[in-house]
Amino acid sequence: MTDRASSAPVYIIAILVMTVAAYYAASVFAPLAVALFIMALVWPLQRTLQARVHKLVALALTLLTTIAVCVAFAWIISWAVGRVGRSVVLDSARYNFFLANTKDWLDAQGVSVAALGAEHFTVAWLFSAISRLGGHLQTTFTFWLIAITYLMLGLLEVDDIRAKMQAMSNRNASRILLEGCSVVASQYRRYLLIRTGVSLLTGSLVWLFARLVGLPFAFEWGVMAFALNYLPFIGPFFATVMPTLLAMATFDTWGEVLLVFVCLNVIQFMVGSYIEPRVAGTMLSISPTLVLFVIFFWTFMWGILGTLLAMPITVAIFAFCGLNPRSQWVVELFGKPPKPA
């Protein structure tokens with residue numbers, strides 16, 4: 001107990017140093033984190049191809065497949081956002097008229113929004129903000145070039161690194177590293193599979209609901225709901241707010257707008273809080289408070305990319321902590337509550 005108490009300040013200082021390094025060296029660590037995440041997902045494909053063709057040919061096929069999937073995903077999102085954006089821009093006079101009427105109505109109710117800068121809140125401003133968000137999501141060509149380079153080198157060295165781990169003199173560290181990497185890779189693939197299935201379900205329900213109520217661009221909203229669902233908390237928020245804003249300028253009564261807002265939130269809540277936890281099982285059984293904290297924390301650290309990587313990073317930390325007797329308390333404290341005897 002004395003040794004653990006004396007080493008606690010060292011652990012705290014080490015965590016603080018790593019946090020500061022991750023923040024100020026985001027251009028180095030963020031591409032590495034993305035590469036490791038993708039590497040865990042595509043390694044089964046690389047391993048299968050290596051058994052049939054030369055290693056370099058397998059690597060080329062794996063990289064081409066990965067890039068093709070990422071480009072297709074980005075194109076689908078751009079197509080959906082572009083379709084809605086072009087229509088709103090072409091009909092911007094109508095939406096600006098609606099925003100002006102809303103401001104006048106709020107002023108008549110004694111709610112002064114001029115002091116908040118509402119006069120600058122126009123359709124052009126709104127889509128400029130959405131474009132900036134899209135820019136953050138796409139980041140830069142240099143970022144992805146670095147990430148792909150990490151991925152390429154990492155896939156080439158997987159077998160060598162595994163052999164070095166197996167040959168380590170510290171057998172406990174060797175066991176933790178080997179089992180930890182295997183568990184994390186397996187959980188990453190399961191996490192993405194579950195997230196993709198849940199996103200497809202969310203997008204389908206949003207599309208069906210939009211079709212039933214007559215909301216324009218039903219298919220596009222479904223596509224955006226599918227894509228944004230990969231961003232915990234933040235994604236579903238935008239997937240609910242944006243269709244509601246369109247509904248405010250489309251429908252004649254506030255009751256219809258309220259129906260759109262409430263039903264979209266019900267869809268997000270039912271899928272995210274009821275269906276997904278039951279499908280995910282114990283893998284994602286993490287304290288909701290901790291989930292919210294890590295999402296905000298990594299969003300602060302690395303922006304939208306941090307939002308996307310928050311859960312994978314947390315899953316990895318929990319996996320390694322669970323394999324080390326000295327850190328199992330982290331999983332016991334923040335993980336799934338123990339079942340009553």
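The two residues Ile295 and Thr299 come nearest to each other via the heavy atoms O-OG1, 2.6 Å. Summarising the geometry of Ala58 relative to Val53, their closest heavy-atom pair is N-CG2, 3.8 Å, with the distance given to 0.1 Å. Closest of all the heavy-atom pairs between Ala147 and Ala35 is O-CB, 3.5 Å. In terms of heavy atoms, Leu215 sits closest to Pro243 at CD2-CB, 3.9 Å. Among all heavy-atom pairs drawn from Asp159 and Gln50, the shortest one is OD2-NE2, 3.8 Å. For Leu177 against Met168, the heavy-atom pair with the smallest separation is CD1-SD, 3.8 Å.
To the nearest 0.5 Å, atoms CG (Leu49) and CZ (Arg47) are separated by 11.0 Å. To the nearest 0.5 Å, atom CG of residue Asn324 and atom CD1 of residue Ile176 are 4.0 Å apart. For the atom pair CZ (Arg171) and CD (Gln166), the distance works out to 8.0 Å, reported to the nearest 0.5 Å. The distance from the OG atom of Ser174 to the CD atom of Glu179 is 9.0 Å, given to the nearest 0.5 Å. The CZ atom of Phe226 lies 5.0 Å from the CZ atom of Phe73; values are rounded to the nearest 0.5 Å. One distance of note links OH of Tyr191 with OG1 of Thr196; it measures 9.5 Å at 0.5 Å rounding.
By the criterion of side-chain heavy atoms lying less than 4.5 angstrom apart, applied directly or through intervening Ile, Leu, Val, Met, Phe, Trp or Tyr residues, Val158 is grouped together with Val34 in one hydrophobic cluster. In terms of hydrophobic clustering, with Ile, Leu, Val, Met, Phe, Trp and Tyr side chains grouped at heavy-atom distances under 4.5 Å, Leu32 and Ile146 are assigned to a common cluster. Hydrophobic clustering, with ILVMFWY side chains joined whenever heavy atoms are under 4.5 angstrom apart, keeps Val198 apart from Trp207. Criterion: ILVMFWY side-chain heavy atoms under 4.5 Å apart, direct or through other members. Under it, Leu201 and Val206 are part of a common hydrophobic cluster. No continuous path of ILVMFWY side-chain contacts below 4.5 Å connects Leu64 to Ile38, so the two sit in separate hydrophobic clusters.
No side-chain heavy atom of Trp43 sits under 4.5 Å from any side-chain heavy atom of Tyr188. Using a 4.5 Å cut-off on side-chain heavy atoms (C-beta onward), Leu309 and Trp298 make no contact. Between Phe237 and Leu231 there is no side-chain heavy-atom pair separated by less than 4.5 Å. Put simply, the side chain of Leu56 reaches to within 4.5 Å of the side chain of Leu156, judged on heavy atoms. Side-chain contact between Met242 and Leu228: present, with at least one pair of heavy atoms (C-beta onward) separated by less than 4.5 Å. Within the 4.5 Å cutoff, side-chain heavy atoms of Phe318 are placed close to those of Leu290. Residues Trp144 and Ile67 are not in side-chain contact: their nearest non-hydrogen atoms beyond the backbone lie 4.5 Å or more apart. For the pair Tyr150 and Val28, the minimum side-chain heavy-atom distance is below 4.5 Å.
Checked by atom type and distance alone, the side chain of Thr66 pairs as donor or acceptor with a backbone atom of Thr62 at under 3.5 Å. Formation of a donor-acceptor pair under 3.5 Å by the Arg195 side chain with backbone atoms of Asn229 is found in this model. Between the side chain of Ser182 and the backbone N or O of Leu178 there is no donor-acceptor pair closer than 3.5 Å. One N or O on the side chain of Trp221 and one on the backbone of Pro216 form a donor-acceptor pair closer than 3.5 Å. At least one donor-acceptor pair under 3.5 Å links the side chain of Arg189 to the backbone N or O of Ala40. With hydrogens and angles ignored, the 3.5 Å screen pairs no side-chain donor or acceptor of Trp302 with any backbone N or O of Leu308.
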* To do: Tell me, with the steps shown, if Val213 and Glu256 meet side chain to side chain contact (heavy atoms under 4.5 Å, CB included).
  => CA-CA 9 Å; Val213 300; Glu256 293 173 301; over 6 Å; no
* To do: Please step through side chain to side chain contact (heavy atoms under 4.5 Å, CB included) for the pair Val42 and Leu155, ending with a clear verdict.
  => CA-CA 9 Å; Val42 303; Leu155 289 174; 4.2 Å; yes
* Asked: So Thr244 and Val257, side chain to side chain contact (heavy atoms under 4.5 Å, CB included) or not? Walk me through it.
  -> CA-CA 7 Å; Thr244 303; Val257 176; 4.1 Å; yes
* Asked: Can Tyr230 and Leu192 be said to form a side chain to side chain contact (heavy atoms under 4.5 Å, CB included), step by step?
  -> CA-CA 9 Å; Tyr230 284 93; Leu192 187 66; 4.0 Å; yes
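The neighbour count for Phe320 CZ, taken as heavy atoms of other residues, nucleotides or ligands under 6.0 Å away, is above 12. Lys164 NZ: 12 or fewer foreign heavy atoms inside a 6.0 Å radius. At most 12 heavy atoms of other shown residues, nucleotides or ligands fall within 6.0 angstrom of atom CZ in Arg52. The number of heavy atoms from other shown groups lying within 6.0 Å of CZ (Phe219) does not exceed 12.
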